[in-house]
Amino acid sequence: MRTSIQLCKFMGIPVRLHFTFLFIFFAIIFSFANMPQTETRIPLGLGGLELSPVMRYSLSTIAAVLFFFTLLLHEMAHSLVAMRFGTKIHSITLFFFGGLAMMEDIPRSPDKEWRIAIAGPLMSLALGVLFLFVYMGLKALEPAYRPVAILVLTIGLFNGALAVFNLLPAFPMDGGRILRALLAKRMSFLKATKRAALIGKLFAFALVIMGFSRDPFTFILTGEWRLNLWLPLLAIFLFMAATEEERATDTFATLEGIKVRDVMRTERATVPEDITLAELVNAMLADKITEYAVVDAVGDIKGFVTLDAVKKIPNEQRYFLHVSDVMIPYDGPRDALLSDAPASEALKRMLSGKKSILAVIEEAGGSLIGIITKKDLSIYIEMLRGGAVQ
Ligand SMILES: [Zn+2]
């Protein structure tokens with residue numbers, strides 16, 4: 001299911017909106033239009049002001065659009081620094097929790113990583129300061145500009161909060177990455193990730209305690225100590241992110257030094273395109289294998305076929321449909337890996353392209369020498385972890 005749509009391109013980078021972003025967008029419009037002035041110490045909405053509904057909702061829509069742009073600028077800051085280090089940016093996606101810049105290959109160099117990570121919060125901080133200056137200018141012109149001043153103040157405070165929040169030393173926040181990069185200067189990347197994840201988890205634990213007793217965040221806003229059950233929810237999110245980061249880093253560290261050649265399968269790797277699906281199922285049963293590359297009469301690769309594709313075909317049709325009818329066509333270089341490429345490259349390609357099988361070739365444009373599947377790769381990783389492969 002496609003959960004996001006491309007909105008525009010910004011400096012050549014596709015900007016995508018995840019459907020969950022719409023909720024936050026309308027939530028901002030509604031809460032900014034109606035948030036009562038007395039609720040918080042600092043005015044954060046137009047509630048209680050004498051305004052026509054058109055004016056009220058126009059200003060609130062502008063607030064939501066400005067919110068969107070400042071979030072985008074935060075992600076652009078990460079992306080621009082990463083691009084300067086030669087990293088390709090696939091896209092920027094904005095969703096419920098904020099933004100995410102999808103980078104091709106985040107540099108494993110601590111000096112680059114912390115610079116990429118800190119660029120976003122610095123941008124948010126700069127925007128926050130800029131909006132606060134504009135607010136002070138507008139405040140001098142009161143009371144005619146009061147609604148606009150409140151709008152500018154709200155966006156400024158939002159950006160300040162975004163900067164502070166993102167500097168928290170926990171994954172997946174930028175602060176978690178900065179912390180890991182600083183630690184990685186003194187230890188291995190894997191060890192630094194584990195250390196940073198542990199600090200993130202301790203931090204999550206502190207949030208749970210704060211949420212159930214006294215929440216400093218509501219205190220800053222309202223001047224009152226209250227319970228805040230959002231904090232334990234946030235803590236669960238941080239805890240999961242830390243665990244996921246550790247697991248992913250561990251997997252990539254395990255694959256270090258391993259080549260595609262070491263993991264590829266050369267036997268029982270292909271089936272001819274003209275056999276029936278019934279024959280294919282027999283081959284799968286005999287080989288105990290669920291994925292093959294599909295080849296033509298001269299052995300050139302034509303596509304891939306998996307058990308999942310066959311499952312969709314009713315039993316009686318499997319006698320006259322052929323492998324070529326259900327295969328996923330071969331997509332050239334995007335579906336192929338060089339045999340001496342790192343095995344981690346195969347994993348990355350499978351994760352980002354949602355592929356379960358890739359072709360292995362000896363040189364660019366060369367013929368098929370084997371296949372690499374997600375299943376084989378995960379079994380191999382298990383064996384590496386168990387110390388079975390030397
Ligand atoms: Zn960020």
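All ligand and atom numbering here is 1-based and tracks the order in the structure. What you see is a predicted model; the values in this text were computed from it and never measured.
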Any side-chain donor-acceptor pair under 3.5 Å between [X] and [Y]?
| X | Y | value |
| --- | --- | --- |
| Arg385 | Thr251 | yes |
| Thr193 | Glu246 | no |
| Glu279 | Thr276 | yes |

Main-chain N/O of Ala163 paired with Asn166 side-chain donor or acceptor, under 3.5 Å: no
Restricting to N, O or S atoms of His74, which is nearest to the Zn ion (ligand 1)?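 Closest to the Zn ion (ligand 1) among those atoms: NE2.
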For the Zn ion (ligand 1), what is the closest N, O or S atom on Asp174? OD2
Looking at the Zn ion (ligand 1), is there an N, O or S atom belonging to Glu75 that lies under 2.8 Å away from it?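 No.
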